[in-house]
Visitor: 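One structure, pasted below without further comment.
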Amino acid sequence: IGVRLVGSEMCIRDSYNTMEMVQEQKQTCKRSPITWVPTAYFAMGLPFVVLNMVTVLMFKGLGVEDKLITFWTSLILLPWTLKPLWSPFLELFKTKKFFVILTQLVTGVTFGLVAFSLNLPHFFSIAIALLAVIAFSGATHDIACDGVYMSELSTSDQAKYIGWQGAFYNIAKIIATGGLVYLAGYLIEQYGGGEGAEASAVLSANQNAWMIIMAILCVVMVLLGIYHIFMLPSGKSNKSADCRTAGQVMTELGNVLLDFFKKRHIVYYLFFIILYRFAEGFVMKIVPLFLKASRETGGLGLSEKEIGLYYGTYGAAAFVLGSLLAGYYISARGLKRSLFSLCCIFNLPFMVYAFFAFSQPESGIIICSGIVFEYFGYGFGFVGLTLFMMQQVAPGKHQMAHYAFASGIMNLGVMLPGMLSGWVCEQLGMWFNKPGGYEPFFIFVLFATIPAFLITYFVPFKYKQDGTLIEGERD
């Protein structure tokens with residue numbers, strides 16, 4: 001019996017040692033985050049930027065009315081606002097990797113369907129429905145991708161690769177609004193839709209060009225999905241880690257939401273979050289249409305190639321530079337001292353488009369410089385709102401969830417004026433007898449910045465710079 005016990009113990013020890021060796025080998029062979037973090041966040045940024053910006057120019061080239069473009073391309077972004085409401089339920093099914101790959105493949109295939117829809121008689125309705133599917137898929141991808149990043153990387157690695165994360169998200173923005181829009185312009189010229197072409201030839205050229213762009217997006221997203229099958233960390237099954245029922249998740253979500261709306265100053269904070277970007281919501285959808293519109297209708301008459309270069313490439317790069325410099329500015333002065341100046345830097349550059357609408361400059365250097373100036377201010381000032389939500393709105397119990405709710409409300413605050421922007425521009429054009437309505441619209445935008453200045457100037461702070469509560473305040 002003793003011999004058998006000793007033999008069994010030796011076998012157990014051997015098995016245990018073997019398991020340890022296998023685990024050590026797995027740790028040693030674990031892929032570097034550099035092999036998947038850049039590609040995963042590139043895949044996160046691409047669909048959002050295409051839906052938010054690129055489709056505006058696509059539908060403009062295909063002859064859709066401005067008010068329809070602004071309304072529907074804003075509304076389809078709703079899933080990015082509502083995603084905190086279904087994110088807890090993903091924990092009940094499969095792994096985060098599964099949802100990352102599934103959503104990338106679904107997004108890719110749906111972009112392919114959008115390409116096929118552009119030659120159909122009712123292409124706009126069909127394309128919008130398909131883009132709505134992409135929006136839901138993209139928002140779900142964001143949840144799962146952030147989940148993989150946080151669960152698979154240590155705290156030190158998260159800090160180490162946060163720069164890669166942000167860089168490749170912005171690279172996706174530059175490639176989509178710069179590279180793909182420029183390529184669309186080139187293809188339109190190649191298909192005979194350049195300056196001086198007949199309307200029917202321009203429409204046909206736009207159909208062919210944008211079909212190719214959507215097909216490229218299809219291929220890129222599908223390839224990224226296939227790549228991540230092999231390169232993305234597998235993680236553990238959520239079912240083994242989360243035994244909650246859907247009812248329990250719903251109850252917890254309700255409690256988290258209730259806690260959010262019980263926060264001190266929360267009503268003021270919600271108005272602040274919405275109004276800080278209120279004017280931008282109107283500008284975001286109209287500016288590409290204004291740049292593209294003919295000079296006879298009050299626009300600047302730029303080609304897709306010029307828009308891709310000025311707005312999508314140089315402008316996006318200025319946004320990144322502004323964001324980086326704002327971090328140092330706030331670090332040196334503190335958020336409380338900096339916030340009002342950040343609000344001014346964010347909103348005042350919209351004057352550029354009012355100047356463009358009245359003067360209609362023809363110089364590419366002037367137009368590009370104005371766009372770069374506005375985008376730099378956009379990037380610089382946007383950091384102030386982000387940090388305020390992190391440092392004043394989110395702290396306390398359920399910090400991550402409350403930051404997600406604040407971000408969703410911020411997106412809603414941009415989406416709603418974006419939906420109305422085309423109609424407002426059209427009505428102002430009719431009231432003031434201005435073709436296109438761009439001159440009175442950009443004056444209206446300047447008035448729309450006033451609430452942001454007022455609410456920012458008086459916004460209350462609960463926390464000091466070191467994260468402790470100010471005397472007399474509470475969570």
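Residue numbers start at 1 and run along the sequence shown.
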Visitor: Can you run down the side chain to side chain donor-acceptor pair (under 3.5 Å) pairs that involve residues 104-126, sequence neighbours left out, and say none if there aren't any?
Guide: Gln104-His141, Gln104-His228, Thr107-Ser137
Visitor: Report yes if the side chains of Val459 and Tyr276 come closer than 4.5 Å at any heavy-atom pair, otherwise no.
Guide: no
Visitor: Establish, from distance only, whether the side-chain atoms of Ser32 and Thr35 form a donor-acceptor pair under 3.5 Å.
Guide: no
Visitor: For residues Thr140 and Val106, determine if any side-chain heavy atom of one lies less than 4.5 Å from a side-chain heavy atom of the other.
Guide: no
Visitor: Tell me, with the steps shown, if Asp146 and Met44 meet side chain to side chain contact (heavy atoms under 4.5 Å, CB included).
Guide: CA-CA 10 Å; Asp146 285 337; Met44 178 189 286; 3.6 Å; yes
Visitor: Check for a donor-acceptor pair, side chain of Gln158 on one end and backbone N or O of Met150 on the other, with a separation under 3.5 Å.
Guide: yes
Visitor: Going by ring pair (Phe, Tyr, Trp, His ring centres under 6.0 Å), name the pairs with one or both residues in residues 407-430, residues two or more places apart or in two chains.
Guide: none
Visitor: Are any of the side-chain heavy atoms of Leu291 and Ile371 separated by less than 4.5 Å?
Guide: yes
Visitor: Please round to the nearest 0.5 Å and tell me the distance separating atom CD1 of Ile409 and atom OH of Tyr269.
Guide: 14.0 Å
Visitor: For the pair Glu65 and Phe124, evaluate side chain to side chain contact (heavy atoms under 4.5 Å, CB included) and give the outcome as yes or no after the intermediate values.
Guide: CA-CA 11 Å; Glu65 289 183 75; Phe124 182 67; over 6 Å; no
Visitor: Please name the pair of heavy atoms, one in Pro288 and one in Met53, separated by the smallest distance, quoted to 0.1 Å.
Guide: CG-CE, 4.3 Å
Visitor: Are more than 12 heavy atoms, taken from residues, nucleotides or ligands other than Trp72, located less than 6.0 Å from that residue's CH2 atom?
Guide: no
Visitor: Starting from the C-alpha separation in whole Å, work towards a yes-or-no answer on ring-ring contact (aromatic ring centres under 6.0 Å, His included) for Tyr41 and Tyr149.
Guide: CA-CA 10 Å; Tyr41 280 87; Tyr149 186 84; 5.7 Å; yes
Visitor: Tell me if the CZ atom of Phe432 is crowded by more than 12 foreign heavy atoms within 6.0 Å.
Guide: no
Visitor: Would a distance-only check, ignoring hydrogens and angles, find a side-chain to backbone donor-acceptor pair under 3.5 Å from Thr456 to Phe453?
Guide: no
Visitor: So which heavy atom on Val393 is nearest to which on Ala406, and how close?
Guide: CG1-CB, 4.1 Å
Visitor: Enter the distance from Leu46:CG to Tyr169:OH here, rounded to the nearest 0.5 Å.
Guide: 10.0 Å
Visitor: Take a 6.0 Å sphere around CH2 of Trp86 and say whether it holds more than 12 heavy atoms from other residues, nucleotides or ligands.
Guide: yes
Visitor: Tell me, with the steps shown, if Met351 and Glu374 meet side chain to side chain contact (heavy atoms under 4.5 Å, CB included).
Guide: CA-CA 9 Å; Met351 290 189 295; Glu374 187 273 319; over 6 Å; no
Visitor: Any heavy-atom pair between the side chains of Met389 and Ile273 that's under 4.5 Å?
Guide: yes
Visitor: With a 3.5 Å distance limit and no angle check, can you tell me whether Lys173 reaches the backbone of Gly178 through a side-chain donor-acceptor pair?
Guide: no
Visitor: List the steps, then state whether side chain to side chain contact (heavy atoms under 4.5 Å, CB included) holds for Val114 with Trp210.
Guide: CA-CA 10 Å; Val114 172; Trp210 288 111; over 6 Å; no
Visitor: A quick test of your reading: do over 12 heavy atoms of other residues, nucleotides or ligands sit less than 6.0 Å from CE of Met231?
Guide: yes
Visitor: Could you tell me whether a side-chain N or O of Ser204 sits under 3.5 Å from a main-chain N or O of Ala201, the two making a donor and an acceptor?
Guide: no
Visitor: Kindly determine whether Phe380 and Phe346 satisfy ring-ring contact (aromatic ring centres under 6.0 Å, His included), including the steps that lead there.
Guide: CA-CA 7 Å; Phe380 200 96; Phe346 183 83; over 10 Å; no
Visitor: I want to know whether Phe290 and Phe442 have ring centres closer than 6.0 Å.
Guide: yes
Visitor: Which atoms form the tightest heavy-atom contact between Ala279 and Thr449, and what is the distance?
Guide: CB-CG2, 3.5 Å
Visitor: Nearest 0.5 Å, please: how far is CD1 in Ile69 from CG in Leu289?
Guide: 5.0 Å
Visitor: Is a side-chain donor or acceptor of Gln360 paired with a backbone partner of Gly299 at a separation under 3.5 angstrom?
Guide: yes
Visitor: Which atom names give the shortest non-hydrogen contact between Lys83 and Ala139, and what distance separates them?
Guide: CD-O, 3.8 Å
Visitor: When you compare the side chain of Phe42 with that of Ile175, does any pair of heavy atoms fall below 4.5 Å?
Guide: yes
Visitor: Pick from Phe447, Tyr438, Phe444: which one makes a ring-ring contact (aromatic ring centres under 6.0 Å, His included) with Phe282?
Guide: Phe444
Visitor: If the condition is side chain to side chain contact (heavy atoms under 4.5 Å, CB included), which residues does Phe116 pass it with, not counting sequence neighbours?
Guide: none
Visitor: Between the side chain of Gln427 and the main-chain N/O of Val424, is any donor-acceptor distance below 3.5 Å?
Guide: no
Visitor: Can you give me every donor-acceptor pair (side chain of residues 310-333, partner residue at least two apart or in another chain, under 3.5 Å) with its distance?
Guide:
residue: Thr313; atom: OG1; partner: Gly308; partner atom: O; Å: 2.9
residue: Ser323; atom: OG; partner: Phe319; partner atom: O; Å: 2.9
residue: Ser323; atom: OG; partner: Gly379; partner atom: O; Å: 3.4
residue: Tyr329; atom: OH; partner: Arg333; partner atom: NE; Å: 3.2
residue: Tyr329; atom: OH; partner: Ser341; partner atom: OG; Å: 2.9
residue: Arg333; atom: NH2; partner: Arg337; partner atom: O; Å: 2.9

Visitor: In Å and rounded to the nearest 0.5 Å, what is the CD1 to CZ distance from Ile367 to Phe356?
Guide: 6.0 Å
Visitor: Say whether, by atom type as modelled, one donor and one acceptor occur between the side chain of Lys285 and the main chain of Thr73 under 3.5 angstrom.
Guide: yes
Visitor: Sequence neighbours excluded, which residues qualify as salt bridge (charged side-chain N to carboxylate O under 4.0 Å, His left out) partners of Lys305?
Guide: Glu189
Visitor: Do the side chain of Lys97 and the main chain of Ile229 share a donor and acceptor less than 3.5 angstrom apart?
Guide: yes
Visitor: For Met58, is there any backbone N or O sitting under 3.5 Å from a side-chain donor or acceptor partner on Thr55?
Guide: no
Visitor: Give me the atom names and distance for the closest heavy-atom approach of Gly45 to Ala172.
Guide: C-CB, 4.0 Å
Visitor: Mind checking the CG-CZ spacing from Leu454 to Phe272? Nearest 0.5 Å is all I need.
Guide: 12.5 Å
Visitor: To the nearest 0.5 Å, what is the distance between CG on Leu102 and NZ on Lys94?
Guide: 10.0 Å
Visitor: Please name all residues satisfying side chain to side chain contact (heavy atoms under 4.5 Å, CB included) with Ser200, sequence neighbours left out, ordered by chain then number.
Guide: Glu198
Visitor: In the structure I gave you, are the side-chain heavy atoms of Asn52 and Leu77 within less than 4.5 Å of one another anywhere?
Guide: yes
Visitor: With heavy-atom distances below 4.5 Å as the criterion, would you say the side chains of Tyr353 and Ile286 are in contact?
Guide: no
Visitor: Find out whether Ile143 and Pro84 are in side-chain contact, i.e. whether some heavy atom of one side chain is under 4.5 Å from a heavy atom of the other.
Guide: no
Visitor: Which pair of heavy atoms, one from Cys218 and one from Gly112, lies closest together, and at what distance?
Guide: CB-N, 3.6 Å
Visitor: Between the side chain of Asn347 and the main-chain N/O of Cys343, is any donor-acceptor distance below 3.5 Å?
Guide: yes
